[in-house]
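This report refers to the structure that appears directly beneath it.
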Amino acid sequence: MNTLNVRPLVEQAISKEWPTFAAEHPRLAAILHDDLLLESAVASLHDDPEYQQAMAHATAAGLAADALGDLVGRVVHRFLRGLLGS
């Protein structure tokens, strides 16, 4: 499987999702450390079956990282919601 560096995509997805998350959960947002959040989100992404399948298809088709942006956004959204235990 391709070892694409998705960290920039995850950073971009978190920065897009973060304002809404922080507004809805200000106390939790205040205690989360940026680096830990990013590393946890990247790990969650790599463990996500949808991501693994998309990477296998992208690798087979020779697609670039930007083709995975929407998928990364969805997985990060689920990851942030998962922090709430839902």
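Atoms considered below: every heavy atom in the structure, side chains included; atoms not considered: hydrogens, waters and symmetry mates.
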Legend entry - Straight-line distance of His77 NE2 to Ile14 CD1, nearest 0.5 Å: 13.0 Å
Legend entry - Side chain proximity check, Leu83 to Leu32, heavy atoms < 4.5 angstrom: yes
Inset, instruction - Grab the two heavy atoms, one from Ala13 and one from Gly73, that are nearest each other, plus how far apart they are. - result: CB-CA, 3.8 Å
Legend entry - Basic-acidic side-chain contact under 4.0 Å: Glu24, Arg81: yes
Legend entry - From CA spacing to verdict: side-chain contact (heavy atoms from CB on, under 4.5 Å), Tyr51, Val6: CA-CA 11 Å; Tyr51 170 79; Val6 294; 3.4 Å; yes
Inset, instruction - Mark yes when over 12 heavy atoms from residues, nucleotides or ligands other than Glu50 sit less than 6.0 Å from its CD; otherwise mark no. - result: yes
Inset, instruction - Compare all side-chain heavy atoms of His33 with those of Leu37 and state whether any distance is below 4.5 angstrom. - result: no
Inset, instruction - Quick one: closest heavy-atom pair of Arg7 and Val42, and the distance? - result: CA-CG2, 4.3 Å
Legend entry - Side chain to side chain, Val76 and Phe21, heavy atoms closer than 4.5 Å: no
Inset, instruction - Could you state whether Leu36 and Ile31 fall into the same hydrophobic cluster, counting links through intermediate Ile, Leu, Val, Met, Phe, Trp or Tyr residues with side-chain heavy atoms under 4.5 angstrom apart? - result: no
Inset, instruction - Flag the pair Leu80 / Trp18 as yes when at least one side-chain heavy-atom distance between them is below 4.5 Å, and no otherwise. - result: yes
Legend entry - Closest approach of Ser40 to Phe79 (non-hydrogen atoms, all atoms of both residues): CB-CZ, 3.5 Å
Inset, instruction - Rounded to the nearest 0.5 Å, what's the gap from CZ on Arg78 to CG on Leu45? Could you check? - result: 9.5 Å
Inset, instruction - Would you mind reporting whether Leu28 and Leu84 have side-chain heavy atoms less than 4.5 Å apart? - result: yes
